[in-house]
Amino acid sequence: MEPELPPASEERPDPVPMLLDGLTESQAKAVQATEGPVLVLAAAGSGKTRVITRRIAFLVACGVPPWSIMALTFTNKAAGEMRERVMKLTSDILGLPESTARGLTVTTFHSLCARLLRRFAEPAGLKPDFTIYDSSDQVSLVKKTIESLQLSTSNWPARSVLGAISAAKNQLLDAEAFAARSQDFYSKTISKIYTSYDKAMRTAGAVDFDDLLVLTAKTLKNDASVRDECRRRWKYLLIDEYQDTNHAQFVIASMLAGDDTSSGPAGPNIFVVGDPDQAIYGWRGADITNILEFEDHYPRAKVITLGENFRSTEPILAIADGLIRNNQLRKHKDLYTSTPGGDKVEVTLTRDEHHEASLIADWFKKLHDGDFAGPKAHRGLAWREMAVLYRTNALSRVIEDTLRASGIPYMIARGTAFYEREEVRNALAYLRVVANAADSVSLGRIINVPTRGLGATTIGKLEETADMQGIPLMQAVRMAPQIPGVNARALAACARFIELIDNWTGNGSFMGSELSGSLADLVERVIRESGLEAMYRAQAAAGKNESDLERLDNLAELVSSARDFELEYQPDSDPALDAPIADRPQTVPPLLAMLRAYLESVSLVADADTVDPEQGAVTMLTLHAAKGLEFPAVAIIGLEEGMLPHVRALQSEREMEEERRLCFVGITRAMRHLHMSTAKYRTIRGLSERTIPSRFVSELNQKHCIFSDQSAIDSGLAGTGWDGEPRTERHIVEEDESGNSISRGGGGGGGGGGKYPVGCLVRHPQFGVGRVRQIAGGLNARATVEFKTVGTKTLVLEYARLQRLDGGE
DNA sequence: TTGCGATCCCTTTTT
DNA sequence: GGGATCGCAA
């Protein structure tokens with residue numbers, strides 16, 4: 001459709017210039033290029049969110065109906081913020097009512113898919129009351145599957161089997177296609193598990209996170225009427241963080257957008273924004289070629305580059321740039337800022353993780369207090385303006401303890417943490433069974449919680465019956481009287497349990513005088529009448545530990561979360577309640593629809609969703625969860641080999657580069673203050689281990705950093721410095737013309753010589769005799785040694801205890 | 001059938 | 001260090 005300008009309102013100035021106000025030339029270009037495919041390569045901090053929101057408002061200003069615009073983001077929180085900002089633009093600048101933004105579709109891929117699958121459940125081969133299984137549900141189901149195939153769960157660990165299944169799904173290989181290409185024993189077995197896992201999922205009326213995407217992609221691909229209906233509705237598609245989309249998401253986007261020839265004169269209106277340097281989800285199947293080959297897929301695409309960084313000070317940007325230059329598999333783009341100056345980046349070596357945590361707490365306190373004297377006088381930062389970033393969640397614990405002890409308010413961004421607590425999971429499992437009686441995993445979880453005399457023996461019989469007949473577990477419970485070997489006590493327990501559930505569902509009708517129609521009331525009833533409340537109350541009274549009281553609070557919290565949801569819930573925007581398909585009348589009772597929507601929202605929370613800038617607290621989050629956020633002050637911890645980069649990435653160059661991008665993402669979250677730290681010793685699963693500073697530290701542009709070694713201070717240990725050698729001797733690092741540190745191999749000239757020139761013979765206490773092939777410099781120099789017996793290894797000189805054999809010193 | 005304690009095992013990131 | 005599982009006692 002050709003956009004039309006709305007009739008100029010008399011008292012308002014032309015809104016279009018106002019929407020472009022304050023944008024750079026390329027930003028404005030991206031906002032205005034409304035027709036046809038557009039790729040925006042947006043460097044970190046280059047204002048891409050701004051571009052997307054302005055563009056949506058611009059489209060609306062051009063007369064595009066809001067309901068025909070769809071924007072896809074990575075997290076619910078990003079979606080919510082985007083909607084807010086668009087709403088503000090359309091009401092402040094365009095003078096449109098707030099309801100305008102309601103019609104917009106701003107959501108995540110996963111939420112969109114969940115909604116489409118409910119709406120088009122039948123063509124997708126699902127029932128609209130499907131449950132979304134999270135990874136622990138998946139694990140229980142796949143374990144059961146493995147057991148029922150008579151395989152050993154130790155030979156076939158659920159996690160890795162699921163990984164293989166997930167990888168297959170991400171390539172859009174269904175069980176059948178996977179079976180067809182399985183040749184060897186391993187993949188044939190995986191294929192068997194995949195097939196029966198899939199069957200069990202369908203029997204349970206459940207889908208996993210991958211299924212949400214895969215089934216949507218498949219339905220859009222195979223069902224023209226579904227595809228056409230979507231295309232009729234959405235004419236303008238915007239996708240954020242495009243570098244982290246996987247193949248299924250690519251297919252969904254392409255299907256929604258239409259292909260290059262069949263849509264409008266300029267091609268499909270698909271607008272994608274991303275940055276290949278911030279691709280950090282390769283492990284989850286994200287396919288960076290989606291963004292790299294966008295132009296091949298849409299030959300008429302306009303490509304717009306946003307290079308100027310508006311977020312960070314010069315030193316922060318410079319070290320980010322210098323770091324990412326070490327990635328070889330990358331097209332370089334310059335990062336630049338028009339605002340020079342700023343504090344240098346602090347890089348600290350600490351004694352251990354406790355020392356690290358307390359230094360960071362001190363750093364935060366100093367920033368919080370501010371400095372009102374001297375040339376660098378500044379007001380203090382609020383706690384909410386600071387963040388601690390780490391590679392793995394396990395690192396958060398010590399930081400948490402230290403911040404608490406220091407009286408610094410903090411919050412951990414773990415959106416799912418609340419819903420993962422035992423008591424909450426139990427309550428939700430009851431609710432899931434209420435919403436979807438076929439959900440056997442949830443039923444299995446609560447059928448005997450609190451204990452009601454349905455022990456392992458009885459449940460085993462019920463499951464056996466369910467498996468044999470291919471029916472959901474709940475149906476077997478209802479058939480209990482016909483199952484041989486179920487004793488009278490168990491039968492009575494089954495009957496009581498069935499009555500319990502039926503009371504909550506109004507015998508499946510979700511209507512009647514017994515049910516209030518309120519979601520919060522239902523949740524409360526379930527918690528009380530299931531006996532969960534009494535069970536935890538009894539445990540609390542027995543005084544085993546304090547967390548039992550907390551459990552009751554959490555259950556109350558769940559009720560209030562349901563109440564909040566109920567207040568926000570808009571039935572008219574629930575696709576399950578959309579105009580019914582063709583001749584079938586709409587029959588979903590409102591309470592059931594609301595319950596489904598609630599459970600869905602609970603299933604799709606992301607860690608980053610809980611980052612609340614209103615809170616006066618330091619935010620703690622993983623590097624992954626930090627994507628898309630920014631903070632005036634950032635501390636990145638654990639810059640150690642094996643931590644960042646993570647051990648799992650050490651063997652592959654591709655994964656190593658992803659780790660480097662992850663570090664890059666962390667650095668570029670910082671606006672003004674950045675602190676990076678390495679602990680010399682770190683306790684990993686109870687054992688204190690000597691660490692090796694991360695190679696990324698040695699890749700930081702030294703001109704913009706202040707290195708300090710605190711590891712010997714306040715301790716009896718002799719100071720050994722960043723790499724165990726006096727500082728003057730460790731400058732094996734070379735600088736290129738702009739001062740960027742480049743770790744280089746090939747020690748010919750660059751000072752890599754030292755004790756072990758390339759080509760010399762050495763002996764290693766464990767690996768034996770070998771020849772040095774390469775010396776890499778940096779704060780912790782490494783040698784690549786080709787051993788006679790064990791092959792080539794890369795060793796850190798400080799720790800390797802190499803002995804030179806051919807002359808030398 | 002349940003509940004508790006010892007032991008074993010594993011260790012990334014997340015929608 | 002912590003979660004899952006297994007084995008044993010009540």
Side-chain angles (χ1 to χ4, degrees), chain A residues 72-79 107-114 132-136 138-140 143 153-154 157-160 162-163 166 169-170 207-214 241 244-246 248-249 279-286 353 389-398 413-417 419-420 422 448-460 487 489-490 493 539 542 544 600-609 621-627 638 642-650 655 658-659 661-663 665-666 682-689:
Chain A
L72 296 176
T73 59
F74 214 68
T75 62
N76 296 302
K77 178 171 164 279
T107 183
T108 63
F109 263 105
H110 286 86
S111 299
L112 172 77
C113 291
I132 300 169
Y133 275 3
D134 67 18
S135 40
S136 63
Q138 289 183 57
V139 168
S140 1
K143 259 188 202 154
T153 42
S154 49
R159 295 227 152 264
S160 54
L162 274 171
S166 170
K169 285 186 181 176
N170 281 326
V207 297
D208 60 29
F209 287 123
D210 297 319
D211 287 335
L212 286 174
L213 301 176
V214 169
E241 308 283 12
D244 283 323
T245 52
N246 65 21
Q249 289 167 321
I280 53 175
Y281 283 98
W283 52 272
R284 178 168 110 177
E353 67 274 16
L389 271 46
Y390 36 82
R391 177 64 233 265
T392 66
N393 284 300
L395 294 187
S396 67
R397 220 196 142 94
V398 175
R414 278 219 87 186
T416 51
Y419 300 103
E420 277 165 8
E422 176 202 306
N448 201 30
V449 177
T451 52
R452 48 170 69 87
L454 290 171
T457 322
T458 310
I459 294 173
N487 64 41
R489 246 185 64 191
Q539 282 182 19
K544 280 196 215 99
E600 176 184 305
S601 76
V602 165
S603 296
L604 297 178
V605 274
D607 285 354
D609 291 344
L621 71 180
T622 63
L623 288 161
H624 283 91
K627 185 170 72 157
M643 205 63 243
L644 179 64
H646 195 267
V647 255
R648 297 282 294 255
L650 254 32
E655 288 176 61
E658 181 154 311
E659 296 290 309
R661 289 195 292 271
L662 197 51
C663 188
V665 165
R682 186 173 295 279
T683 307
I684 299 163
R685 40 166 206 232
L687 283 173
S688 174
E689 285 173 11

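To find a chain, count down the sequence lines: A is the first, B the second, and so on, and within it residues start at 1.
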Both F209(A) and R489(A) contact DNA chain B. Which one's nearest nucleotide lies toward the 5' end?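 Residue closer to the 5' terminus by nearest nucleotide: R489(A).
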Reading DNA chain B from 5' onward, which residue's closest nucleotide shows up sooner: N487(A) or L662(A)?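 Whichever sits nearer the 5' end wins; that is N487(A).
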Can you tell me how far OG of S135(A) sits from CG of L162(A), rounded to the nearest 0.5 angstrom?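 Rounded to the nearest 0.5 Å, the CG-OG separation comes out at 8.5 Å.
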Rounded to the nearest 0.5 Å, how far does CG of D134(A) lie from CD of E420(A)?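 Rounded to the nearest 0.5 Å, the CD-CG separation comes to 7.0 Å.
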Distance in angstrom units between [X] [atom1] and [N] [atom2], rounded:
X: E420(A); N: dT15(B); atom1: CD; atom2: C1'; value: 13 Å
X: K77(A); N: dT15(B); atom1: NZ; atom2: P; value: 12 Å
X: Y281(A); N: dT13(B); atom1: OH; atom2: P; value: 11 Å
X: R397(A); N: dG1(C); atom1: CZ; atom2: P; value: 6 Å
X: R452(A); N: dT2(B); atom1: CZ; atom2: C1'; value: 15 Å
X: Y419(A); N: dT14(B); atom1: OH; atom2: P; value: 17 Å
X: E241(A); N: dT15(B); atom1: CD; atom2: P; value: 13 Å
X: E658(A); N: dT14(B); atom1: CD; atom2: P; value: 13 Å

So, does [X] use its side chain to make a donor-acceptor pair with the main chain of [Y] at under 3.5 Å?
X: N76(A); Y: T108(A); answer: no
X: R661(A); Y: A279(A); answer: yes
X: H624(A); Y: I280(A); answer: yes
X: S140(A); Y: S136(A); answer: yes

Any side-chain N or O of T622(A) under 4.0 Å from OP1/OP2 of dT14(B)?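 Yes, within the criterion.
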With a 4.0 Å cutoff (strictly under), does any side-chain N or O of N448(A) reach OP1 or OP2 of dT2(B)?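 So the side chain of N448(A) is within the cut-off, an N or O lying under 4.0 Å from OP1 or OP2 of dT2(B).
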side-chain contact (heavy atoms from CB on, under 4.5 Å) against T392(A), all qualifying residues, sequence neighbours excluded: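 side-chain contact (heavy atoms from CB on, under 4.5 Å) check on T392(A) returns A394(A), L395(A), M643(A), H646(A).
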Kindly assign one of parallel, tilted or perpendicular to the pair F74(A) and Y281(A), based on the angle between their ring planes and the thresholds 30° and 60°.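 Rings of F74(A) and Y281(A): tilted, 30 to 60°.
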Rounding to the closest angstrom, what is the interatomic distance between dT13(B) and dA4(C) at atom C1'?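 That atom pair is separated by 22 Å.
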At under 4.0 Å between heavy atoms, what does [X] touch on the DNA or RNA strands: base, sugar-phosphate, or nothing?
X: D210(A); result: nothing
X: F109(A); result: nothing
X: T683(A); result: nothing

Enumerate the protein-to-nucleotides 7-12 of chain B contacts in which both atoms are nitrogen or oxygen and the separation is below 3.5 Å.
unit_1  : atom_1 : unit_2  : atom_2 : d
dT11(B) : N3     : R685(A) : NH1    : 3.1
dT11(B) : O4     : R685(A) : NE     : 2.7
dT11(B) : O4     : R685(A) : NH1    : 2.3
dT12(B) : O4'    : H646(A) : NE2    : 3.1
dT12(B) : O2     : R391(A) : NH1    : 3.0
dT12(B) : O2     : R391(A) : NH2    : 2.0

N/O to N/O distances under 3.5 Å, protein versus nucleotides 5-10 of chain C:
unit_1 : atom_1 : unit_2  : atom_2 : d
dT5(C) : OP1    : K143(A) : NZ     : 2.7

One pair to check against side-chain contact (heavy atoms from CB on, under 4.5 Å): R284(A) and N246(A). What are the steps and the verdict? CA-CA 8 Å; R284(A) 178 168 110 177; N246(A) 65 21; 5.9 Å; no
Ionic contact status for R397(A) with E353(A), cut-off 4.0 Å: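 Answer for the salt bridge query: no.
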